[in-house]
Number of protein chains: 2
Amino acid sequence: MTDNIDELERKLSKIKQTKPRRLVMDVLRDAEKPLSAVQILAEIEKTGEQIWLSTIYRILDLFVEKDIAIKSTLLDQDQAVYGLNQYQHTHYAVCIGCHRIITMDNCPIACDSFEPSLREDGFRITGHKIELYGYCSECDKKR
Amino acid sequence: MTDNIDELERKLSKIKQTKPRRLVMDVLRDAEKPLSAVQILAEIEKTGEQIWLSTIYRILDLFVEKDIAIKSTLLDQDQAVYGLNQYQHTHYAVCIGCHRIITMDNCPIACDSFEPSLREDGFRITGHKIELYGYCSECDKKR
DNA sequence: ATATAAATGCAAATGGTTCGCATTTGCATT
DNA sequence: AATGCAAATGCGAACCATTTGCATTTATAT
């Protein structure tokens, strides 16, 4: 379902290589957490390179289409975030206070034989998303 | 964590009763699935009543603040959806093809003693969201 | 080396959501 | 039942993430 680095390289080799695509890819490779388009722009600008936001969106759409990246919309965030599709499904906890994203290293669905009970027949499941929410230690203190 | 009807009534009694709020509440009560602001508007207009979209958003914000409703942003949808906070946590499956939302009647987290392994200490979990994605039988056929 | 289709730079449009302000409404008090 | 006041709403405009259109540039196959 998810890929290792070689698998990513194989997918990348199937699309045209351009400088903007390399820039976005480099940022995603280095990121430990999914990033928004604006965050990716900021990372690229830090290196002195220039790129347009619409180009980033187009590249991210392509990456998602080619299964290179995964797009998510986390709790109450008003923008989408993107991460490489290289981890065995990773999930996150989101702080309601500061919107910090914290990586979760395990998954409740992977470890047992969960059978979803859906109100419609014949749904073919291709993936899942789990999000915990609550307060990080810092925001918890402030309340 | 979630509430029954009486608990909702108790929360409602603490806020000023107005016609627009009643209209939105009526729609949410009848809905089997979470609805977007625009869908709520459409339902209200079907009854011949008139209401402004910005009013709906303000009412929904209030309902969320008062724990009367829950706001979610489902996979790849570009708008938020809202549902009453009356079910013992309900999760959904979302069709990648037609964006149909299908209710899931069980939950993988409720049934076992899952201990999340987070990369940050002291996170206080207040809730969670689980979403399956894939293709509904109809969209699956088309592929 | 060149042709061609695809990608990008840039600006303008779009669509969901929020904000500002004048008017109206619900409710507490008389 | 009438009054006053804070809060809610109607309405339009603003906002912000994302998308689109088009002229120009670029990567790759020939």
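A quick note: this is a predicted structure, and the numbers were derived from the prediction, not measured. Chain identifiers are assigned alphabetically (A, B, ...) following the order of the sequence lines, protein sequences preceding nucleic acid strands; residue numbering begins at 1 within each chain.
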What distance separates [X] [atom1] from [Y] [atom2], expressed to the nearest 0.5 Å?
| X | Y | atom1 | atom2 | value |
| --- | --- | --- | --- | --- |
| Arg119(A) | Thr103(B) | CZ | OG1 | 4.5 Å |
| Leu41(B) | Gln50(B) | CG | CD | 9.5 Å |
| Glu7(B) | Ile68(B) | CD | CD1 | 10.5 Å |
| Ile130(B) | Lys129(A) | CD1 | NZ | 12.0 Å |

Take the C1' atoms of the five end pairs on each side of the helix from dA1(C)-dT30(D) to dT30(C)-dA1(D), derive the two axes, and give their angle rounded to 10 degrees. 30°
Are Leu53(A) and Ile40(A) grouped together when hydrophobic residues (ILVMFWY) are joined by side-chain heavy atoms under 4.5 angstrom apart?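 Cluster IDs for Leu53(A) and Ile40(A) match.
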Sugar-phosphate only, base, or nothing, as touched by [X] at under 4.0 Å among non-hydrogen atoms:
| X | value |
| --- | --- |
| Ile59(A) | sugar-phosphate |
| Arg58(A) | base |
| Ser54(A) | base |

Please report the closest heavy-atom contact between Pro20(B) and Ile51(B), naming both atoms and the distance.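 Smallest interatomic distance, heavy atoms only, reads CB-CD1, 3.8 Å.
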Specify the separation, in whole Å, of atom [atom1] of [X] and atom [atom2] of [N].
| X | N | atom1 | atom2 | value |
| --- | --- | --- | --- | --- |
| Leu35(B) | dG16(C) | CG | P | 15 Å |
| Lys14(A) | dA6(C) | NZ | P | 18 Å |
| Tyr57(A) | dA13(C) | OH | P | 19 Å |
| Trp52(B) | dG20(C) | CH2 | P | 19 Å |
| Gln39(B) | dG15(C) | CD | C1' | 15 Å |
| Leu60(B) | dC19(C) | CG | C1' | 17 Å |
| Gln79(B) | dT14(C) | CD | P | 19 Å |

I want to check something: taking the side chain as every heavy atom from C-beta on, are Cys98(A) and Glu138(A) in contact at a cut-off of under 4.5 Å?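 Answer no - side chains too far apart.
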Side chain proximity check, Asp140(A) to Phe123(B), heavy atoms < 4.5 angstrom: no
Reading DNA chain D from 5' to 3', where do the contacts with chain A start and stop? Cut-off is 4.0 Å to heavy atoms. dA17(D) to dT28(D)
Between Val81(B) and Lys19(B), name the one whose nearest nucleotide on DNA chain C is closer to the 5' end. Val81(B)
Want to settle it: does Gln17(B) or Arg21(A) sit nearer the 5' end of DNA chain C, counting the closest nucleotide to each? Arg21(A)
For Phe63(B) and Met25(B): C-alpha separation, side-chain torsions, deciding distance, then whether side-chain contact (heavy atoms from CB on, under 4.5 Å) applies. CA-CA 9 Å; Phe63(B) 282 4; Met25(B) 192 63 196; 3.9 Å; yes
